[in-house]
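Some notes on the structure that comes next.
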Amino acid sequence: MVKENIELKDYLRETNLIHARLIILIIVLGVLSLTLMVRVWYLQIYSHQRFEVLSKDNRVRLVPVAPVRGQIFDRNGKVLAENIPVFNLEIVPENVKNMTQLLDGIAQLIELTPNDITKFRSLVRARPDFESQVLKVNLSEQEVARFLVNKHRFAGAEVQPRLQRNYPYGGELVHVLGYVGRINQRDREKIDQQAYKGTDYIGKLGIEASYEDQLLGKVGFEQVETNAHGQRVRRLDLNPPVSGDDIYLNLDADLQVKAREYLGGKRGAVVAIEPNTGGVLAFVSNPVYDPNEFVNGIGHRSYNALRDDINRPLINRALNGRYAPGSTIKGIVSLAGLENGWNKNASVHCPGYYKLKGSTHRYRCWKRAGHGGTSMLQSIMRSCDIYYYQLANWMGIDKMHSFLSSFGLGQQTGIDLIGEPSGLMPSKEWKKRVRGTPWYPGETLITGIGQGFTLATPLQLGAVTATLANRGKRIEPRLVNRLVHGDEKAVYPVSNQLVEVEASSENFDHIIAAMQAVVEHPRGTARRAGLNAEYSIAGKTGTAQVVNIAQGAKYDESKLTEFQKDHALFISFAPVEKPEIAVAVIVENGGSGSGVAAPVARKVMDFYLLGKDANAVDVESEVSLSAPNGQPAVEQAALESQQPLQQPQPEVR
Amino acid sequence: MLRFKIDIPLTVCLLILCMVSLLILWSAGAENPRLLMNQAIRMGVAVVVMLAIAQVRPETLFRVAPVLFGIGLIMLVLVLVVGHTGKGAQRWLNLGLVRFQPSELMKIAVPMMVAWVLTRKSLPPSNGNMIIAAMVLAAPAALILKQPDLGTTILILMSGALIIFLSGFAWKYIASIFVMTAVAIPILYQFLHEYQQRRIQTLFDPWSDPLGAGYHIIQSMIAIGSGGAQGKGWLDGSQSQLEFIPERHTDFIFSVFAEEQGFIGFILLLLLYIIITARGLYIAYYTKDTFSRLIAGSLSMTFFFYVFVNIGMVSGMLPVVGVPLPLVSYGGTSMVTLMAGFGILMSIHHHRSLMSH
């Protein structure tokens, strides 16, 4: 009984004890539940907005969508610069575990040159890890297929479809269009990074650089949902990019190709301008190089080869080449004389040399024997130097400088290409400032024949010729005709300024008649280039010395190395009555303007005006151009006919 | 009397929870039917185990407690010697047909053994008995901690501690343990290396290292928080579906649920858990046998402790220790263990009249 009592008592005690504790557990359950509720309430209700924003930020990413770069067409709508779809092999370094292993693995499937790998490695070093870098551009279909089959082995590597700039004409237009290249550090400092989001290329040179802003277009943005690994899941919204403007050039691609062909592989430049509009029809600098090589970065070896090439293909001679204009400016110097009161009927005796008063120095005429009595018309037609020594000496450098400058010599033409030099039209003030020495009278003489300090670019000569053709309307040359935005919806013509040169039309007529005689008169220096022309041509030859010939020495061409030979120049326009084309030709070390440069100009004009290709197999035109056609032999042949005339040059494009 | 022993309220609640689990899992497991099938099969197995155990008399449980505990302890030692390594910890024992996690067995065996030790004498326990109980609790806990499996260690310690608490462990001791812990923590903290201190700081403040140690917990908090009151809708949780949440079909499944079902869903789920726990505590209250009371109280409260620790850790309130959301997280053994626990509760409920042993 006692034991039972105790047991019962114990049991009741235990029951009460456990019941009490269980009630405490119920309370604990309540407290824990409440704690959870408060916590989740805090997250879901109280801080909901903050977390909602974080959640959206998390999954939504703004991905730039690169605009399509504007294309470039010639005046006839031929494509000069286009965007072609290519497949690139790209790697995001961040996602790669072992880069060496990955590259080795890829190399077993796709041929990788050491250059590819070096370039890729340096990109990886230079750029943030999360950016995709190109390992190899332009994979072949087989390479794409081989990679995709084995893709699982190459985490971090992707085949990306891209648009790549392509220049179907290769090097023919490189000095006009320039090229695009990958944006480098130097570019990056200059550009608005925002505008180039998603874009890998930027215009480096030529039209591509000058019209970069118009060609680029506007970057678009895509809102994409990404997962935790940053992989795109779907598109939420798209703010589409705006394609760059298409550019239509004034240039005629066929003419451009032919003009370079007519240079016959010689170093030189041809600039053809439509006088009325200032539109540049051809803008040739030879030799050329292939811009397509530069688009994805040219290899060091290839670049060094171009840079060290003795013919300097990288130099844009048409734009940047500065040459003594030589006798080509005699027409304008004459005009300057007439405007300053020189009598156009005055006759100057040419004994073959000219001496300044009180000096024994003989300023020679190119024709040692002299031209005898020479009128202005004859001085231009036969390119007498003595006439211009006298005219220049009479006029003085100041007046000459002022008039020639008004024609655009020594000044930028204002063409729509960046990096145009101004050339040089010397003056007393210039010499004092730059050289620190006074002006000598002898310098006035040689300035009168386009030698000495005077420097002009082929483009300037083309522009001067166009101004002559326009009888004083000096118009800025333009490569670009118009910008076309979005499928012809908006067309923006490119404007150019016009300045009137002050000279009487009577004087212009006189000079132009003389220049016409240069080509058309039986004794004109360029008569052979003008043979059998179906339209009227006005022109002026020029031969610019590269080597100074010592006093009393004789110019002996055979003793000069190729690079010491004179530059051959020729400016011309046609038809004279209603000029449609003005052409300036420079053939470096070509020898004489009449023998080498003038035929090039003639062929260019034939092609443009008549559609006649001198290099096409056409017996008649070849004969007429290459043989002296029973014309009376003239004295000046010594200098001007040494060079053989153009041979048909097989040039495949 | 051949009556099938089952507790209807408990069974209904548990089945609802299983249905909820499958629904969340469909969303959290990237709509993978294989995953769902595996889970459903496990649930079936677990329910069968529960029903089977529900038929066993509590006296039998009392008798087998030392045996179970002994087997469990031996297997824990074996695990450390020849066990399989998974996710950086040795937890698995290969028994030929199935891989087995002995620590799961201990989740039931330990509280049973502690209760067994304490109920052989009348309560409240004597000091000697208490020391034995503490040792019974400490040995498996130490072995599991060594694997290492902090989550299970905590849960097992909790289940044992609950038995001791229910058995009437004197308040003065409880109070002194609390005071000692409170005093010891800052002192121990001083002895930690700076990097260890920093790690602990990150555990409690994930924002201090948002891209490193804190990343997952922040993503989980964003998921829960962005769910709002209504939730983003089933299968529409961007954080979950876009893989921002780690372990989203196992330990972090609550984040998926909370993001898609919102605060309302959470309250309903919590209510379900509270009902189940309360039902367990009710069973403990109304059973007549002391051993059964202790076991029922401990199992019920431990079940809720799972919920608390899991939701606490995925909501950034507690450090992440690897405790699943009971019966909802994907995973086999823990589900069978939990259901076995409910089987015991049902058994106890059916034999609530006084038993003798």
Side-chain angles (χ1 to χ4, degrees), chain A residues 3 5-61 224-234 236, chain B residues 119 122-124 162 165-169 215 218-219 221-229 231-232 237-239 241-246 254 258-259 262-264 266-267 270-271 273-274 277-278 281-282 284-285 288 290 293-294 296-298 300-301 304-305 307-308 311-312 315-317 354:
Chain A
K3 194 182 174 219
N5 255 344
I6 292 170
E7 274 195 0
L8 198 63
K9 210 176 147 197
D10 277 357
Y11 176 73
L12 284 175
R13 197 174 152 214
E14 276 184 10
T15 306
N16 287 338
L17 183 66
I18 296 177
H19 278 179
R21 294 286 162 110
L22 278 172
I23 286 166
I24 291 173
L25 282 193
I26 296 269
I27 295 169
V28 170
L29 172 66
V31 170
L32 293 183
S33 301
L34 211 61
T35 313
L36 287 183
M37 279 192 232
V38 168
R39 177 63 183 174
V40 176
W41 172 86
Y42 168 77
L43 292 178
Q44 294 202 301
I45 310 293
Y46 184 79
S47 312
H48 172 60
Q49 278 185 327
R50 176 173 148 236
F51 284 116
E52 197 179 27
V53 170
L54 284 172
S55 140
K56 282 217 176 89
D57 285 356
N58 237 350
R59 66 192 181 98
V60 177
R61 238 174 237 202
V224 293
E225 188 173 70
T226 59
N227 65 16
H229 316 296
Q231 283 158 346
R232 170 199 185 98
V233 177
R234 64 189 163 121
L236 297 174
Chain B
T119 50
S122 65
L123 299 178
L162 278 168
F165 173 76
L166 285 171
S167 73
F169 189 44
Y215 180 78
I218 286 174
Q219 293 305 332
M221 282 162 65
I222 292 173
I224 298 169
S226 64
K232 295 177 183 172
S238 62
Q239 285 284 109
Q241 303 304 331
L242 300 173
E243 298 167 36
F244 283 96
I245 298 173
F254 177 76
E259 181 182 24
F263 192 66
I264 294 171
F266 157 72
I267 291 293
L270 187 66
L271 225 58
Y273 279 123
I274 291 173
T277 310
L281 293 176
Y282 170 87
Y285 197 93
K288 302 285 187 290
T290 308
R293 276 185 178 139
L294 295 183
S298 166
S300 316
M301 204 57 204
F304 193 78
F305 197 66
V307 178
F308 181 76
I311 296 180
S315 66
M317 191 169 61
L354 198 61

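Side chains are part of it too, since the values below use all heavy atoms of this structure and drop only hydrogens, waters and symmetry mates. Just so it is clear: chains get the letters A, B, ... in the order the sequence lines come, proteins before strands, and each one is counted from 1.
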Hey, what's the ring geometry for Tyr46(A) with Tyr42(A), parallel, tilted or perpendicular (30° and 60° as the breaks)?
-> parallel
Could you check whether any side-chain heavy atom of [X] comes within less than 4.5 Å of a side-chain heavy atom of [Y], counting everything from C-beta outward?
X: Leu36(A); Y: Val307(B); value: yes
X: Phe254(B); Y: Val40(A); value: yes
X: Leu22(A); Y: Ile18(A); value: yes
X: Met317(B); Y: Thr35(A); value: yes
X: Arg293(B); Y: Thr15(A); value: yes

Is Gln44(A) reaching over with its side chain to a backbone N or O of Ile224(B), donor-acceptor style, under 3.5 angstrom?
-> yes
Could you tell me which portion of [X] (side chain, backbone, both or neither) has an atom closer than 4.5 angstrom to a non-hydrogen atom of chain A?
X: Phe304(B); value: side chain
X: Ser300(B); value: neither
X: Phe263(B); value: both
X: Leu271(B); value: neither
X: Leu270(B); value: side chain
X: Met221(B); value: both

Side chain, backbone, both or neither: which part of Ile45(A) has a non-hydrogen atom closer than 4.5 Å to chain B?
-> side chain
Okay, Val53(A) and chain B: the region with an atom under 4.5 Å from a heavy atom over there is neither
Which one, Leu32(A), Leu17(A), Leu54(A), leads in non-hydrogen pairs under 4.5 Å with chain B?
-> Leu32(A)
